[in-house]
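Side chains included, hydrogens not; waters and symmetry mates left out as well; all remaining heavy atoms used.
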Amino acid sequence: MLSKVSEAVAVPKRHAVRYGLMVLVLAVTLPIALTLNSLHVPTAFATMLLAVMFSVWRFGIGPGLVASVFTIFSIRFFLLEPLYTIDPFALPDEELHVFLLFGEAILLLWLLGSAQRRAQEKLRASEAYLADAQALSQTGSVSFIVPDAEVFWSAQAYRVLGYSNDISPSVQRMIARVHPGDVALVHSRFFQLTEPAKRIDFEHRIVMPDGTLKQIAVLGKAELERGGKIRVSAAVMDMTEAKRISASLRKSQAELAHVTRLTAMGELVASISHEINQPLAAIKLNAETGVRWLDREPPQLDDVRLSLSRIIDNAARAGALISNLRNMSKKAEAQTRPLDLNHVVTDVVQILQREAQDKNIRCMIDLDSNLKLVEADEVQLQQILVNFLMNGFDAMATTPESERQISIRSRNCEDSVAVEVRDAGLGIPEGVAGRLFDAFFTTKLHGMGIGLSICRTIAEAHGGKVEAFNNEDRGATFRIVLPQASALVA
């Protein structure tokens with residue numbers, strides 16, 4: 001809330017009103033001062049001083065100055081002999097000294113009042129700016145001495161907590177709004193602190209009178225005051241809309257990521273169907289062979305067993321291909337778990353193997369056998385690596401076939417794990433590297449410019465990053481870096 005003092009001394013907005021009211025105050029004060037002077041009461045001058053002080057205080061600096069000048073001339077004209085003249089040199093020496101003293105006192109009073117007036121105006125402006133900022137950011141401020149003394153809420157805090165401004169603030173009223181499931185947390189982190197805290201930072205839910213829930217973020221500190229009391233001061237932010245928008249954004253990103261996965265799978269349909277057809281043909285051939293061995297007299301069971309083993313192996317190979325494709329095309333929320341990036345690389349290379357063969361590209365794999373685990377969603381990491389490899393394939397379209405090679409390397413870093421995809425293409429054009437991961441930016445003729453942008457979003461959501469840079473000899477390298485999990489790959 002704005003301070004009551006600031007509201008009480010607010011200056012009327014219209015200039016005519018301020019100066020008119022100042023004249024009215026002087027018109028009332030002057031007769032009183034003259035009456036007191038005629039009765040030889042020594043407070044006539046003090047009465048005029050009060051009029052000057054009130055004019056500066058209530059009507060502003062300009063009206064206060066006019067009131068000061070008017071008061072100086074009124075004292076000379078009405079109170080000092082000879083009367084009814086404003087000529088100061090007509091005064092005897094003693095009276096002149098009194099007049100000058102009165103004038104200096106009035107002007108000094110106006111200067112002091114003006115300085116205070118300016119300070120009040122700055123304070124009022126600051127309070128207004130703060131109130132506007134709190135309203136726009138839906139952030140209120142609260143303060144109290146544990147357990148429930150000297151409680152203060154800002155105007156926005158009343159709105160965040162759902163109370164009217166005529167209600168006295170209290171800790172109990174704040175507690176009454178807390179969701180039952182969060183009461184213990186809020187008590188331990190906020191309302192029942194027994195020691196100073198440099199930083200208070202947590203989130204909780206509150207229940208409004210109509211039953212709706214709000215997500216509240218609290219950021220503040222607790223300080224030790226004289227007498228050993230703990231004062232808590234904090235900002236309370238309504239995060240409900242921000243949380244809703246964030247959830248909606250995550251959903252939209254998941255939808256977009258799903259679309260790009262389907263788009264990538266569409267581009268690979270021909271190669272994938274050929275790749276799956278190979279183990280299916282082998283299964284058919286081995287099954288026919290097994291039947292022939294059974295028709296022999298006597299049946300050749302050892303050869304039948306061998307044919308069945310080959311059928312099992314080829315069925316497993318086809319099943320793995322189909323499973324990987326189904327995982328990449330499925331639409332689901334991210335499911336993180338400890339992952340071996342080497343396995344992800346192997347699966348992706350298997351998916352794209354036929355595509356690489358059709359384009360006469362050799363895939364060279366260099367994987368760290370002691371690679372540490374990462375906490376990540378497998379499907380999303382597959383999407384990143386598919387994007388990197390497909391970009392590498394496209395980049396080598398004009399590279400001589402004998403030089404078309406793409407390298408995939410995994411390495412442990414100090415506290416992270418990195419996978420690099422290095423191609424032998426034309427490299428990243430000058431001035432483009434800084435924009436490669438921007439949404440809707442593409443260097444391809446028929447590209448949409450969303451693949452690498454989604455890769456960056458996925459990596460950052462996992463606490464990592466993606467990078468791209470030109471190699472020293474030729475081509476470019478795309479790298480994903482993710483934080484390590486605690487366990488080592490067995």
Side-chain angles (χ1 to χ4, degrees), residues 243 246-265 268 320-353 363 365-392 406-422 436-439 450-469 477-490:
K243 293 283 187 181
S246 178
S248 177
L249 179 60
R250 286 196 301 270
K251 182 178 179 181
S252 298
Q253 290 173 338
E255 295 276 358
L256 186 57
H258 180 239
V259 170
T260 57
R261 286 199 297 271
L262 293 180
T263 302
M265 298 315 300
L268 296 171
L321 281 169
I322 294 171
S323 177
N324 286 336
L325 297 176
R326 184 174 61 248
N327 286 338
M328 282 199 65
S329 62
K330 73 180 180 179
K331 179 180 177 182
E333 294 291 329
Q335 300 291 332
T336 62
R337 61 183 180 87
L339 283 179
D340 178 3
L341 276 179
N342 286 344
H343 292 165
V344 179
V345 169
T346 303
D347 290 342
V348 169
V349 170
Q350 185 179 24
I351 291 173
L352 298 180
Q353 184 176 11
C363 292
I365 299 178
D366 179 13
L367 304 179
D368 189 333
S369 59
N370 293 316
L371 196 69
K372 293 192 175 181
L373 297 175
V374 297
E375 189 77 21
D377 179 87
E378 182 174 8
V379 173
Q380 292 186 347
L381 295 191
Q382 285 179 345
Q383 181 173 355
I384 292 177
L385 292 177
V386 165
N387 197 290
F388 284 1
L389 285 166
M390 291 295 290
N391 284 342
I406 197 161
S407 302
I408 306 99
R409 188 179 77 152
S410 66
R411 288 293 184 270
N412 287 317
C413 302
E414 183 178 352
D415 56 357
S416 59
V417 175
V419 173
E420 295 180 349
V421 177
R422 177 189 176 104
L436 271 181
F437 297 98
D438 291 349
I450 58 176
L452 289 177
S453 174
I454 290 176
C455 290
R456 180 177 66 179
T457 300
I458 293 173
E460 291 177 350
H462 286 79
K465 61 181 179 179
V466 287
E467 302 170 326
F469 49 87
T477 295
F478 285 78
R479 175 193 293 156
I480 177 173
V481 181
L482 297 173
Q484 294 177 356
S486 57
L488 282 170
V489 178

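Heavy atoms only, all atoms of each residue included: Arg337 and Glu378 are closest at NH2-OE1, 2.7 Å. Annotation for Leu482 and Ala459: closest pair CD2-O, 4.3 Å, computed over non-hydrogen atoms. In terms of heavy-atom proximity, Leu339 sits nearest to Ala376 at CD1-O, 3.5 Å.
Looking only at side-chain heavy atoms (C-beta outward), Ile384 and Leu381 come within less than 4.5 Å of each other. Residues Phe388 and Val466 form a side-chain contact, since some pair of their non-hydrogen atoms from C-beta on lies under 4.5 Å apart. Put simply, the side chain of Leu389 reaches to within 4.5 Å of the side chain of Ile408, judged on heavy atoms. A 4.5 Å side-chain heavy-atom check between Val419 and Val344 finds every atom pair outside the cut-off. Here the side chains of Glu467 and Thr477 are not in contact, with every heavy-atom distance at 4.5 Å or above. The shortest side-chain heavy-atom distance between Ser410 and Leu371 falls under the 4.5 Å cut-off. Side-chain atoms of Leu373 and Asp340, non-hydrogen and from C-beta on, do get closer than 4.5 Å to each other.
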Subject >> Criterion side chain to side chain contact (heavy atoms under 4.5 Å, CB included) on His462 and Val374, from CA distance to verdict >> reply: CA-CA 9 Å; His462 286 79; Val374 297; over 6 Å; no
**OP:** Show the numbers, then the answer: is there a side chain to side chain contact (heavy atoms under 4.5 Å, CB included) between Val417 and Val481?
**Re:** CA-CA 6 Å; Val417 175; Val481 181; over 6 Å; no
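Under a 3.5 Å cut-off, the side chain of Glu375 and the backbone N or O of Pro483 do not form any donor-acceptor pair. Checked by atom type and distance alone, the side chain of Asn412 pairs as donor or acceptor with a backbone atom of Asn370 at under 3.5 Å.
Here CD of Gln382 is found 9.0 Å from CG of Asp377. Values are rounded to the nearest 0.5 Å. In this structure, the separation between CD on Glu420 and OG on Ser407 is 10.0 Å, given to the nearest 0.5 Å. A distance of 13.5 Å separates CE of Met390 from CG of Leu385, quoted to the nearest 0.5 Å. In this structure, CZ in Arg409 is found 9.5 Å from CG in Asp368, a value given to the nearest 0.5 Å.
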